[in-house]
Amino acid sequence: MEMPTTGPATAVPVAGTSMQMQMPLVRDGAAVRYDDRVGLDQEYQREWKERVHGAMSHYRRSVWKYKAESVVGPRVLIISLRSHWIQTRKSTIVDVFVLSIIFAVALVTFYYSPPLSDGQATRLKDLTTDFHGLCTFLLGFYLNTCLSRWWAIRADGIGGLWGNMDDISLLLSTFFPSNSEADEAVRDRVLRWGVLSHELIYKQVMGTSDELLDLMHRGLLLEKERQILQPLAAQELCSLPQVVWSWQVSFIAHLAYGDPAKGGSRLPYPYTVMPQLHALCLKARDAIGLLFTYTDTQVPLRYLTLMSSIVWIHNIIQCINSAAIISRGLHGQDYAVILVEGIFLCVYPMVYLSVLHVGANMLCPLKDKNDVDLPHGAFSYWMLRENRSFFDGTCAPRGPPHGEAPVWKGDARPAFS
C-alpha cells in the first residue's frame, strides 16, 4: 500500500466495513494534520458517540463514561439486564446453569428420600454458614487485588504514557511553534508515533501485533514504517510499542544533531533540550514496560484456583442445603420457607460468582472484550485531540496569547560533519 506524499487526501476503505475514510495528508514522511476533517478522528468519534445509552456511553464494548448517580440507584437493576451487559456475562450464565442442575438433582434426591434428622440439617446449615463467611472474607481481598491491578494499568501504564506524551507536545509546541510545513511535520510525527505506540499496546496484549493494516487505514502508520515493524512482529518477545519510542529518541537526536539538509540540527539548545525530551521518552517507555509487567505476570495460579474452588464448594453446598430445606417445605407445604430459601439459593451463588468473574476480567483490561476493559479507541481519540489542542493554542497562527511565537536563533551548536 503506497501512501501519497503530496496532494489531496485519498479515500481508503477500512478493513471490515464499507465506510470510506479520508487519509491524512502526508508530507516529509509525517502526517501533517489530525483534526475533524481527517478520517482518524472521524472513525474514533463515530464509534464512540454512536453508543450512548442513558447513564453510560460506550466505545465498542468498553464503558467510557457513566453517571454515578444513576448507577448506584435502583436504575442499576435495569442497567444490569441490558443486552450488552448480559452478553459479557455468558460465563456466569453457564455457571448458573450448572448449579441449577446440581440443585435439581439434590432436590429430587431429598424429596424421594427419608427426611434428614434435625442434627443432620443443623450441621449442613452450619457448614453453609461457615462458607458464607469464608467466601465473603476472601473475596474482599481478591476484589481489592484485582481492582488495584486494573487501576495501576490505567493510571501508571496508560496514564504514564499519556502524561509524558502531553509533556513532549508542550515542549514541541514551544520549540517548533511556527505554522510552517517543517514545524508541523515535526509536531505531527511525534504525536502520531505516540498514539501509534498506544494502539500497539493493545495489539501486543491481544496477540495481534502482526495485524497492522488497520493502523495504516487510520493514518497512524506509514508503509515504510510497517515494513520495519512487520518482520519484528513475527519475532518472539518483541515489543512493538517500545520500538516506536526508540524511533522517538532517534528522531529527537536527529532534530538536535542530524543533517540539516534532511531536517536535522533544528532543535534549539540541543545540549539541554535533547536530554530533557529523551528523559520524557524514557519515562513513556518505562510506563509501557510497567504495564506489560502487570499483563505478562498473572496473579499466582494457585491463588486464583483456590479462590475459585472455595466459591464453587460453597455454591455446591448451598445448592444441597437449599434442596434439603425446600424439600422439607414441599412435604409440609410451608411456602414461606420455600420462598425464603429460594432467595438464599439465588443471591449467594450469583453474588460470589459475579465477584469472581468481574475480578478475573479486571486482571487484564486491555483485550476489548467486555465492559471492564479500557476503551482504547476513545483514549487514542482524546490523546490526539488533547495534544492537538496544545499545538493549536500555542503555535502560529492562533497562539500564543502574549504575542508572536518565539523564533529560536543564535544558539551555539557544532556544525554538521
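Numbering starts at 1 and runs along the sequence shown.
Checked by atom type and distance alone, the side chain of Ser197 pairs as donor or acceptor with a backbone atom of Gly194 at under 3.5 Å. No side-chain donor-acceptor contact under 3.5 Å links Asn144 to the backbone of Gly140. For Asn387 (side chain) and Met383 (main-chain N/O), a donor-acceptor pair under 3.5 Å exists by modelled atom type.
Using a 3.5 Å distance cut-off with no hydrogens or angles, the side chains of Ser327 and Tyr112 do not pair a donor with an acceptor. In the model, Gln242 has a side-chain atom that pairs as donor or acceptor with a side-chain atom of Ser239 under 3.5 Å.
Salt bridge annotation for Arg192-Glu225: present, with a cationic side-chain nitrogen under 4.0 angstrom from a carboxylate oxygen.
Residues His278 and Ala253 come closest through the heavy atom pair NE2-N, 3.9 Å. Between Asn164 and Gly160, the shortest heavy-atom contact is ND2-O, 2.7 Å.
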(request) Go through the steps for Ser209 and Gln204 under the test side chain to side chain donor-acceptor pair (under 3.5 Å), then give the verdict. (result) CA-CA 5 Å; Ser209 294; Gln204 179 170 328; 5.1 Å; no
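The side-chain contact (heavy atoms from CB on, under 4.5 Å) with Cys319 is formed by just one residue from the set Val105, Val98, Ile102; it is Ile102.
Counted within 6.0 Å of OH on Tyr303, heavy atoms from surrounding residues, nucleotides or ligands total more than 12; the atom is thus considered enclosed.
Atom CD1 of Ile228 sits about 5.0 Å away from atom CH2 of Trp247, to the nearest 0.5 Å. In this structure, Thr272 OG1 and Leu277 CG are separated by 9.5 Å, a value rounded to the nearest 0.5 Å.
The aromatic rings of His198 and Tyr202 sit perpendicular, their planes meeting at an angle over 60°, well past the 30° parallel limit.
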